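Below is one structure, written out as structure tokens; comments come after it.
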There are 2 protein chains.
Amino acid sequence: MGTNQNLTVAERIRKQFDSLTRAERQLANAILEDYPVSGLGSITAVSESSGVSTPTVARMAKKLGFGGFPQMQAQLHTELKATISSPIAKHDLWSESAPDTHILNRFADAVSENMRQTLKQIDPEEFNAVIDLLSDQKREIHVVGGRITRSMADNFFTHMQVMRSGVTLVAPNSNTWAHYVLNMNEGDILVAFDIRRYEHDILRLAEVAKSRGVTLVLFTDQWGSPAAKLATYSLNSRIEVPSAWDSLVVTLFLVEAVIAGVQAQTWDETKSRMKTLEELFDQTKMFKKFI
Amino acid sequence: MGTNQNLTVAERIRKQFDSLTRAERQLANAILEDYPVSGLGSITAVSESSGVSTPTVARMAKKLGFGGFPQMQAQLHTELKATISSPIAKHDLWSESAPDTHILNRFADAVSENMRQTLKQIDPEEFNAVIDLLSDQKREIHVVGGRITRSMADNFFTHMQVMRSGVTLVAPNSNTWAHYVLNMNEGDILVAFDIRRYEHDILRLAEVAKSRGVTLVLFTDQWGSPAAKLATYSLNSRIEVPSAWDSLVVTLFLVEAVIAGVQAQTWDETKSRMKTLEELFDQTKMFKKFI
DNA sequence: ATTTTTCTGAAAAAATATTTTCAGAAAATA
DNA sequence: TATTTTCTGAAAATATTTTTTCAGAAAAAT
């Protein structure tokens, strides 16, 4: 052995092929056949699929310089991971003029990873269902956020308000929420934002709303707010970044994607509403001097 | 179970995420983290790398409809083989379960392109200078946003407020702005958000502030708000997406990165402020019944 | 606050996987 | 062909993995 340390299993096999016995060659060929996934299962599975006995597999592993079959398999796993994790320059996204350790690049890394994970996890059916639900003009929409997510709620509200009527932003101060609940009716939708640290008030509002027949659409993080169990639809986003706070970038991405979806779905009406809005802006000429 | 037969492990996890317990969610996230290679090793290895016990892993496998952990692993192996043999996923970032034309994927494409472009043109020196400026406790900070960017301003304000004193959020209604100007003094900072369609009021506020010796830090889009010519520092982000509106995702990214930078810079003080804040939250026990 | 239920991981038990032993088979040598 | 050596796989021995059990911890309900 000695210098085999950093070689792949395939390289070791090729290097030592001449010294392999008949049964070992049969095994080696089977492994190279569908490399490296062929060595994935147990020694029994490998031996059966290649038509040799288990001792032969174990012996060859040692012959190739591994401590035993498990060690060889671990090496195959490592190679597999390297193959899978896309060679696409991870730092494709980086600001090249800043050093690797710069907060901009570390943040960019974290955010793009969050984005990837979130997209991987999202169920398009659920996403479409949310859009359908929010496009239903017969349902009133109530939007609520917490201390940190308030800005998400606000943003969501601002855009939805342009597209349709019957959208209410629940004020941040939970003292006033009873009044909002009064206006929640069966069939209405509550769009809630709740990421860690989850807010008890939001959970309670969700409970009360639920009891009035309101459908809950929840934007939360990967761990899932306690309100998730009440939610008909739950859109989870990854929020971890190198900071003392969590990142809402991916959450905002989902919000904007939902908004774009609703807009596409309701375009005929939205278009005319937007036009009217433009006219109103012009009329009120909000551009007065203020000093 | 029953109809779970042909689903991938990831799909099963997503489908049942709501019914998973705390430890199971932790495990599920770990598995999805580096999917599907994360489930490669023995149940012991998986449990250790995800920080849960082996029984939890075995239990979740059953919960997801498998006979046991080995069956789940076999499924992962199958998926892995499929992944390996398929041509390189062209869009690393995409939700694979949604079609190419789905709004989620089109949006993801646009956002990641925006991110790339933004990072490419950002000047790290300028970025660092902004962080230094905002970390200077001797300067008061005033934050203002427009109709759409209000949520960005709000978010920025919420976080800055935790880290330091002397931070004011200028109310959205420009009628009241004269009062805010009254409190702006030489050496203060005005952090303004202005993306198209640029708001005349913001420009005027910037002008007035400037005339009082206030330094302007501007978050704007790639074209640059008219206020850019007054700004000492201007952070531009790409905002175009397949939607009738512009995307604030990259802007939020910059905001969060700046906040993380300031936080790192002022950590000693920020840490104690955050601790005090926690205590205040506990004391005021905002969790009262409201109905 | 108390009770009940659910969840979780340590440890034991069961099931598998891996290695070793060893006898017969195959190949090499004489 | 006989003899020796090497190889191979069945079976036993050993090690590891996986599942089950169970008691305490955490969460939910009362």
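Bear in mind that the values here come from a model prediction, so they are computed numbers and not experimental data. The figures here come from the full heavy-atom set of this structure, side chains too, leaving out hydrogens, waters and symmetry mates. Naming convention: chains lettered A, B, ... in sequence-line order (proteins, then strands); numbering from 1 in each chain.
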Take the protein atom [atom1] of [X] and the nucleotide atom [atom2] of [N], then report the distance between them rounded to whole Å.
| X | N | atom1 | atom2 | result |
| --- | --- | --- | --- | --- |
| Leu203(A) | dA27(D) | CG | P | 14 Å |
| Lys63(A) | dC7(D) | NZ | C1' | 9 Å |
| Arg59(B) | dT20(D) | CZ | P | 10 Å |
| Leu27(A) | dG9(D) | CG | C1' | 14 Å |
| Gln71(B) | dA15(C) | CD | P | 14 Å |
| Leu40(A) | dA17(C) | CG | C1' | 16 Å |
| Glu48(A) | dG9(D) | CD | P | 13 Å |
| Gln26(A) | dT8(D) | CD | C1' | 11 Å |

Proximal nucleotide (of [options]) relative to the [X] side chain:
| X | options | answer |
| --- | --- | --- |
| Ala23(B) | dT8(C), dT18(D), dA10(D) | dT8(C) |
| Ser42(A) | dT17(D), dG9(D), dT18(C) | dT18(C) |
| Thr44(A) | dT17(D), dA17(C), dG9(D) | dA17(C) |
| Phe69(A) | dT19(D), dG9(D), dT18(C) | dT18(C) |
| Thr56(A) | dT8(C), dT20(D), dT8(D) | dT8(D) |
| Val52(B) | dT8(D), dG9(C), dA17(C) | dG9(C) |

Q: Determine the contact category for Thr54(B): base if any of its heavy atoms lies under 4.0 Å from a base atom, sugar-phosphate if only primed atoms, P, OP1 or OP2 are that close, otherwise nothing.
A: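 Thr54(B): base contact, heavy atoms under 4.0 Å.
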
**Prompt:** If you look at every strand shown and take non-hydrogen atoms under 4.0 Å, does Arg22(B) touch a base, only sugar-phosphate, or nothing?
**Reply:**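 Here Arg22(B) touches the backbone only, sparing every base.
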
Using 4.0 Å as the upper bound for N to carboxylate O, is an ion pair formed by [Y] and [X]?
| X | Y | value |
| --- | --- | --- |
| Lys210(A) | Glu207(A) | no |
| Asp18(B) | Lys229(A) | no |
| Lys63(A) | Glu24(A) | yes |
| Arg147(A) | Glu199(A) | no |

So, does Lys62(A) get its side chain near the phosphate of dT20(C), meaning an N or O under 4.0 Å from OP1 or OP2?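 Answer yes for this pair, as a side-chain N or O of Lys62(A) is under 4.0 Å from OP1 or OP2.
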
- Scan every strand shown for a Watson-Crick or G-U wobble partner of dT3(C), both distances under 3.5 Å, and answer none if you come up empty.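 dA28(D) is the nucleotide pairing with dT3(C).
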
- Task: Report the residue (Gln73(B) or Ser19(A)) whose heavy-atom-nearest nucleotide on DNA chain D is the more 5′ of the two.
- Result: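 Residue closer to the 5' terminus by nearest nucleotide: Ser19(A).
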
* To do: For residues Phe107(B) and His102(B), establish whether the separation of their ring centroids is below 6.0 Å.
  =>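 Distance test on ring centres: not under 6.0 Å, no.
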
